Colleague: 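I'd like to ask you about the structure that follows.
In this text the structure is predicted, and so the values were computed from the model without any measurement. Each ligand, and each atom within it, is numbered from 1 in the order the structure gives. Nothing fancy with the numbering, it's 1 onward along the sequence.
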Amino acid sequence: MRTWVKAGAGVIGAALLLAAGAGGALLWAGNQSLSKDHGALPETVAGGPGDAALGARLVSVYGCNGCHGAALAGQDFYGMVASNLRRRAREWSREDFARAVRNGLRPDGTSISWAMPTEMFAAMADNEIAAIHAHLRRLPAAGDAQPVTLKHRFFKAYHAATGELIPNAVLVRATDAGPAVAPEPGTAGWGAYFTRMACAECHNHGLGGFGSDTPALADAIQIYDWPAFVRLTTTGRPPDGRELRLMTGVGRERLAHMTDAERRALFDYLKSLSQP
Ligand code: HEC
Ligand code: HEC
């Protein structure tokens, strides 16, 4: 009896050791992938220091504060930490900051992962990235509102090991390079530029939508006239007044910060997409 118990305990112990070993190997692989040096590409940001007032508006319109926290001091984002941007902007030069947002690379060459929509921001204009950097630096220094815990580290390592957490460095293409200065609302190129920054994250590149999650914008815009569009992009309410699952928040928190010129140009651009 005793020997049987001992043998049983031995088997269980061995199984536990094996499981721990496999788990350890997985986490090790995940950490290897997360700490891989992709080589920090040289990055230049044309123009002088950014326009902080423009940056203050862009962190809302482009949704930085939705994921990084209203105070931009960090926030839990589905088990990961969307970092304290006030801190990063102080630690990182304008070029370092631009490389992180547009190329997905930190100064040490490690890649920021897929939860951060680098693919969309890869084409951000120099004047806009400089503006965001200037705005963040103008805010008072703030400690991490969401420190990185062991749980966050495990989560990241696990999902990196299973391949779900794609390094952004591999997603960005050379052809993504943005302009020195963002186009003016209403000029050629503005609509494609602005919607990539502000809508593509959820409505897909080309604005064709993501299946049943988000509509193609060329279709969705058809029921909108100008007053209804103003309402959607300030209060988040569609023509029938319903509260939409996600878009109501986007309208109220993000698009309400567009300028009138941007709102009008966006409406005209979306309408032009639905012309046959
Ligand atoms: C959909 C959510 C989301 C949005 C929108 C978003 N971020 Fe992020 N961002 C994240 C997450 C999550 C991380 C951390 C990813 C990781 O740890 O690999 C991150 C990482 C970063 C980093 C790297 C910080 C570091 O410590 O490594 C910078 C810089 C950054 N974001 C800037 C921005 C800016 C600027 C904007 C707006 C233009 C923005 N982010 C919009 C989710 C988001
Ligand atoms: C964070 C994700 C997100 C972003 C960013 C976003 N949308 Fe949406 N949008 C949605 C979702 C999700 C829906 C479907 C309704 C819902 O579930 O909220 C939607 C629905 C819509 C609709 C249809 C609303 C209706 O009448 O039912 C329009 C029009 C629209 N979005 C326009 C835009 C435009 C224009 C932008 C960029 C300026 C944008 N959205 C950015 C998530 C987003």
Colleague: Does E201, backbone or side chain, put an N or O under 3.5 Å from an N or O of ligand 1?
Modeller: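 In this structure, E201 places no N or O atom under 3.5 Å from an N or O of ligand 1.
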
Colleague: Going by distance alone, is a donor N or O of one side chain under 3.5 Å from an acceptor N or O of the other, for S111 and N168?
Modeller: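 N168 and S111 do not have a side-chain donor-acceptor pair below 3.5 Å.
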
Colleague: Tell me the nearest of Y269, Y62, Y224 to atom 25 (C) of ligand 2, using heavy-atom distances.
Modeller: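 Considering heavy atoms of Y269, Y62, Y224, the nearest to atom 25 (C) of ligand 2 sits in Y224.
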
Colleague: Under 3.5 Å, side-chain donor or acceptor atoms of residues 233-240 against the rest of the protein: list the pairs with distances, not counting sequence neighbours.
Modeller:
| unit_1 | atom_1 | unit_2 | atom_2 | d |
| --- | --- | --- | --- | --- |
| T233 | OG1 | F229 | O | 2.8 |
| T233 | OG1 | V230 | O | 3.4 |
| T233 | OG1 | R263 | NE | 3.0 |
| T234 | OG1 | V230 | O | 2.6 |
| T234 | OG1 | R231 | O | 3.4 |
| T235 | OG1 | R231 | O | 2.8 |
| T235 | OG1 | R237 | N | 3.2 |
| R237 | NH1 | G241 | O | 3.1 |
| R237 | NH2 | E243 | OE1 | 3.1 |
| D240 | OD1 | R242 | N | 3.1 |
| D240 | OD1 | R242 | NE | 3.3 |
| D240 | OD2 | R242 | NE | 2.9 |

Colleague: Could you tell me if the side chain of L139 sits less than 4.5 Å from the side chain of L72, heavy atoms only?
Modeller: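 The answer is yes, as the side chains (C-beta and beyond) meet within the 4.5 Å cut-off.
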
Colleague: Could you pull out the N/O/S protein atoms under 2.8 Å of atom 8 (Fe) of ligand 1, ignoring any water?
Modeller: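 N, O, S partners closer than 2.8 Å: H68 NE2, M116 SD.
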
Colleague: Between the side chains of R99 and E95, is the shortest nitrogen-to-carboxylate-oxygen separation below 4.0 Å, so that they form an ion pair?
Modeller: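 The answer is no: the pair does not qualify as a salt bridge.
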
Colleague: Who pairs with R264 by side-chain hydrogen bond (donor to acceptor under 3.5 Å, both in side chains), at least two apart in sequence or on another chain?
Modeller: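 By the side-chain hydrogen bond (donor to acceptor under 3.5 Å, both in side chains) rule, R264 matches D268.
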
Colleague: Counting only heavy atoms not in F210 (residues, nucleotides, ligands), do more than 12 fall under 6.0 Å from its CZ?
Modeller: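 Atom CZ in F210 is packed in, count exceeds 12.
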
Colleague: For atom 8 (Fe) of ligand 2, count the protein N, O or S atoms found under 2.8 Å away.
Modeller: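 Every protein N, O or S atom under 2.8 Å from atom 8 (Fe) of ligand 2 counted, the figure is 2.
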
Colleague: May I ask you to test the H152-M80 pair for a side-chain heavy-atom distance under 4.5 Å?
Modeller: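 Side chain of H152 against side chain of M80, heavy atoms only: no contact under 4.5 Å found.
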
Colleague: Would you call R57 and E262 a salt bridge, using N to O less than 4.0 angstrom?
Modeller: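 Salt bridge flag = yes for E262 with R57.
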
Colleague: For N84 and H68, which I'm curious about, is there any donor-acceptor pair between the side chains at under 3.5 Å?
Modeller: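 Side chains of N84 and H68: no pair found under 3.5 Å.
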
Colleague: In this structure, does ligand 1 have an atom that sits under 4.0 Å from one of the heavy atoms of W114?
Modeller: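 So W114 does not count as touching ligand 1.
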
Colleague: Does ligand 2 have a heavy atom under 4.0 Å from the side chain of T195, from its backbone, from both, or from neither?
Modeller: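 Neither; no heavy atom under 4.0 Å.
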
Colleague: Answer yes if the ring centres of W190 and Y269 are under 6.0 angstrom apart, and no otherwise.
Modeller: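 No; Y269 has its ring centre 6.0 Å or more from that of W190.
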
